[in-house]
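Computed over heavy atoms, backbone and side chain alike; hydrogens, waters and symmetry mates excluded. Being a predicted model, the structure only gives us computed values, none of them experimental. Numbering starts at 1 and runs along the sequence shown.
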Amino acid sequence: MTIQNLTILFTDIVGSTELSQRMSPEAADDIRRQHFSILRRAIAEMGGTEVKNLGDGVMATFGSASASLKCAVVMQQRVDLDNRNRPHPVGLRVGISGGEVIREQDDFFGDAVVEAARLVGACEGGQILAADVVRMMAGRRSRQNFRPVGEVSLKGLPDPVPTIEVLWEPLGGSYSAMTVQLPSRMAVRPRAGVLGRESELSLLSDAVKRIAAGDGREVVLVSGEAGQGKTTLVAEAARRAFDDGACVLFGHCEEDLATPYQLFSEALGHYVAHAPGDQILAHVEMHGSELSRLVPSLASRVPHLPPSKATDTDSERYLQFAAVVGLLATVSGEQPVVLVLDDLQWADEGSLLLLRHLTGAEHSMRVLILGTYRDSELSHS
């Protein structure tokens, strides 16, 4: 038994019984699967952990109060987007509280858990209610808007709970049109733009066009001293590729902080956090849980992963590499992939072995690898 300070989030489907009665069991199950895929995607993106599926909702924990509030808003927005294409919309209620909770094995207990669960019951469809303590815990890190609700009496608790409503605005577009977003380190453009590099950008753009046309994978390396703008150049090329429909993934190394498979853990972790649930499930059906050794957050998207099939170190590495290649081959079948690998001079041995395996794999794929390195520091790698 351990005591932790966490934020607890509960969700609930509004009118799930009526939904089941209006539709065939198969159609209702499809809607539930899509609904939970949306919720799990949001939890993974915000760094939360799904504790359990409650049938009509989920329970999740967050180490960050601001992340839990943002997650709730993202859930409501995406469920709303998904509902626009459905004859029978699904209503979502979300309750959040926070504080010290007791962890026993894989479950949590305490006032914050009871508060979050009871706040869900006090919600209307499309509403988010949170204990006011969550707003205070988040402080200025939360950019959500709130409406005071007052003190709410909740079953099982001796005192009323000061409560707020977390406000949210609908998004434009549709959920089906959502793609894996641009990695944050690639998204910020320099105010002055990229000056004096048009010839280099043209070369990189031509490489993107070649792999987009189905001409196989390519590796382009950009070298130079520190501060010469290697990452800025490659980031601009990646943004242009993203604007043209490519999936962009990013991994980087830090000096003296290399961890096994660091480059690919970061790059593929971004994809796993943001990809549609059906794509993640399809990968797990093909490769099981092997990718989770590189990307632990896979367990947040797909609870109850099957055990690894590896029997020794060699088979473990073989299955991991096959899972990475399989994922990139599948993604690149739908859209070209630009894989940016920054500061290769500090890459760990595992990442370099996987990179070599990827470039030589027999699978058909449309992948452009853009790598940067400091040629003056190759002796350190």
Side-chain donor or acceptor of [X] paired with backbone N/O of [Y] under 3.5 Å:
{"X": "Q345", "Y": "R374", "answer": "yes"}
{"X": "E290", "Y": "E316", "answer": "no"}
{"X": "S315", "Y": "T311", "answer": "yes"}
{"X": "S142", "Y": "G139", "answer": "no"}
{"X": "R240", "Y": "L201", "answer": "no"}
{"X": "R103", "Y": "Q105", "answer": "yes"}
{"X": "R239", "Y": "M186", "answer": "yes"}
{"X": "D80", "Y": "Q76", "answer": "no"}
{"X": "R210", "Y": "E218", "answer": "no"}
{"X": "R366", "Y": "A212", "answer": "yes"}

Paired with I43, the side chain to side chain contact (heavy atoms under 4.5 Å, CB included) test is passed by just one of T11, T49, V58, namely V58

Criterion side chain to side chain contact (heavy atoms under 4.5 Å, CB included) against E50, the qualifying member of R40, M59, R301
R40

Tell me the closest heavy-atom pair linking [X] and [Y], and the distance in Å.
{"X": "L370", "Y": "A237", "result": "CD1-CB, 4.4 Å"}
{"X": "A72", "Y": "I96", "result": "CB-CD1, 3.7 Å"}
{"X": "A361", "Y": "V325", "result": "CB-CG1, 3.9 Å"}
{"X": "A131", "Y": "L119", "result": "N-CD1, 3.6 Å"}
{"X": "P276", "Y": "S37", "result": "C-OG, 4.5 Å"}
{"X": "F264", "Y": "L294", "result": "CB-CD2, 4.3 Å"}

[X] side chain near [Y] side chain, heavy-atom distance below 4.5 Å:
{"X": "H270", "Y": "E266", "result": "no"}
{"X": "M75", "Y": "W168", "result": "no"}
{"X": "Q262", "Y": "W346", "result": "no"}
{"X": "V166", "Y": "F146", "result": "yes"}
{"X": "L358", "Y": "L339", "result": "yes"}
{"X": "V338", "Y": "V340", "result": "yes"}
{"X": "V220", "Y": "L203", "result": "no"}
{"X": "V161", "Y": "D111", "result": "no"}

Could you tell me whether [X] atom [atom1] has more than 12 heavy atoms of other residues or ligands within 6.0 Å of it?
{"X": "R143", "atom1": "CZ", "result": "no"}
{"X": "D206", "atom1": "CG", "result": "yes"}
{"X": "M286", "atom1": "CE", "result": "no"}
{"X": "Y318", "atom1": "OH", "result": "no"}
{"X": "E334", "atom1": "CD", "result": "no"}
{"X": "R317", "atom1": "CZ", "result": "no"}

Show, in sequence, the C-alpha distance, side-chain angles and deciding distance for R93 and V14, and conclude whether the side chain to side chain contact (heavy atoms under 4.5 Å, CB included) test is met.
CA-CA 7 Å; R93 301 184 290 198; V14 178; 3.4 Å; yes

Could you label the plane-to-plane angle of the H252 and F250 rings as parallel, tilted or perpendicular, counting under 30° as parallel and over 60° as perpendicular?
parallel

Looking at [atom1] of [X] and [atom2] of [Y], how far apart are the two atoms once the value is rounded to the nearest 0.5 Å?
{"X": "L221", "Y": "K230", "atom1": "CG", "atom2": "NZ", "result": "12.5 Å"}
{"X": "Q144", "Y": "S66", "atom1": "CD", "atom2": "OG", "result": "8.0 Å"}
{"X": "T7", "Y": "M46", "atom1": "OG1", "atom2": "CE", "result": "14.0 Å"}

If two hydrophobic side chains count as joined below 4.5 Å and joins carry through other members, does [X] share a cluster with [Y]?
{"X": "Y261", "Y": "V337", "answer": "yes"}
{"X": "V120", "Y": "L6", "answer": "yes"}
{"X": "V94", "Y": "L167", "answer": "no"}

Applying ring pair (Phe, Tyr, Trp, His ring centres under 6.0 Å), which residue pairs with at least one partner in residues 349-372 are found, sequence neighbours left out?
F321-H357

With a 4.0 Å cut-off on N to O distance, would you call D82 and R78 a salt bridge?
no

Does P160 have any side-chain contact (heavy atoms from CB on, under 4.5 Å) partners at least two apart in sequence or in another chain, and if so, which?
E151, S153

